[in-house]
Amino acid sequence: MARIAAGADHAGVQLKDVLVAHLRELGHDVIDCGTHGLNRVDYPDFGEAVARKVAAGEVELGLCVCGTGIGIAMAANKVPGVRAATVHDVTSARLTREHNDANVVCLGERLIGPEAAREALDAFLGASFEEGRHVPRVAKIDALLPNEGVGQ
Ligand code: RB5
């Protein structure tokens, strides 16, 4: 069983709540970083909250949900040590664990139904990093400085 931080904005909170309940049913230890309820909030705040817990080693993995799963992944990926991936199905969820050693899985409530999201999350949790040829590639991701080259 894993320790997992979960976070969402208002556009992802309903799916996040479904997935948190699912994870707890499976016996995982979940820290729910919010949001709670449908009031409008900013997705970077929740992507950051989850990412900081992953980066600090408080949890092994993160789950982020927003409308598309994209903005919250962008925010989470700003935190060094975090590799957040937006996934849409079982295959992308499995492959991002196996090849990218993703430690935060991101889903879009406006793009995926709860059943498919649950299955993708299960595939993410059930997969593991394949190491081998993927190790130096992931090391290159981690070695990149945030925003290197942007705006210069
Ligand atoms: C909120 O309206 C929406 O922009 C957000 O949830 C997300 O989809 C951004 O990437």
Side-chain angles (χ1 to χ4, degrees), residues 2-26 28-56 58-127 129 137-138 140-152:
R3 197 161 159 79
I4 300 167
D9 70 354
H10 57 284
V13 65
Q14 293 176 93
L15 180 57
K16 183 263 291 173
D17 289 347
V18 165
L19 296 176
V20 166
H22 174 63
L23 289 171
R24 287 182 172 148
E25 269 175 37
L26 292 175
H28 296 291
D29 184 7
V30 183
I31 301 176
D32 188 342
C33 301
T35 189
H36 305 285
L38 293 173
N39 288 340
R40 280 173 196 262
V41 291
D42 297 330
Y43 58 83
D45 297 335
F46 298 90
E48 180 190 1
V50 169
R52 294 222 179 271
K53 291 200 182 304
V54 172
E58 274 183 62
V59 297
E60 296 152 57
L61 297 170
L63 163 66
C64 288
V65 189
C66 66
T68 59
I70 296 171
I72 202 161
M74 289 179 172
N77 274 319
K78 293 290 218 172
V79 177
V82 166
R83 291 177 300 279
T86 305
V87 306
H88 300 288
D89 50 33
V90 165
T91 308
S92 51
R94 174 177 61 77
L95 285 172
T96 198
R97 279 290 274 154
E98 291 179 351
H99 289 199
N100 316 125
D101 200 14
N103 50 19
V104 176
V105 61
C106 304
L107 292 151
E109 183 180 313
R110 292 175 178 161
L111 305 180
I112 190 168
E115 188 66 32
R118 255 196 307 271
E119 288 178 5
L121 179 58
D122 289 347
F124 183 84
L125 294 173
F129 186 42
R137 296 166 184 167
V138 172
K140 285 187 177 185
I141 295 174
D142 287 343
L144 287 169
L145 295 174
N147 288 339
E148 188 176 25
V150 174
Q152 293 174 3

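Counting from 1, the numbers follow the sequence of the chain as shown. The shown structure was predicted, so the numbers you read here are calculated from the model rather than taken from an experiment. Keep in mind that the numbers below use all heavy atoms, side chains included, and drop hydrogens, waters and symmetry copies. Counting starts at 1 for both ligands and their atoms, following the listed order.
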>> Run the ring-ring contact (aromatic ring centres under 6.0 Å, His included) test against His99 and tell me which residues pass, sequence neighbours left out.
In response: His134
> Any salt bridge (charged side-chain N to carboxylate O under 4.0 Å, His left out) pairs touching residues 43-56, not counting sequence neighbours?
Replying inline: Glu48-Arg52, Lys53-Glu58
>> Which heavy atom of Phe129 sits nearest to which heavy atom of Glu98, and what is that distance?
In response: CD1-O, 3.3 Å
All N/O donor-acceptor pairs, side-chain side in residues 60-69, below 3.5 Å, sequence neighbours left out:
residue : atom : partner : partner atom : Å
Glu60   : OE2  : Arg3    : N            : 3.1
Thr68   : OG1  : Ile70   : N            : 3.0

> Taking any residue with a non-hydrogen atom under 4.0 angstrom from an atom of ligand 1, which ones do you get?
Replying inline: Asp9, His10, Ala11, Tyr43, Cys66, Gly67, Thr68, Gly71, Arg110
> How about Ile141 and Asp101: do any of their side-chain heavy atoms sit closer than 4.5 Å?
Replying inline: no
>> Check this for me, if you would: do Asp9 and Lys16 make a salt bridge, where the nitrogen-to-carboxylate-oxygen distance has to be below 4.0 angstrom?
In response: no
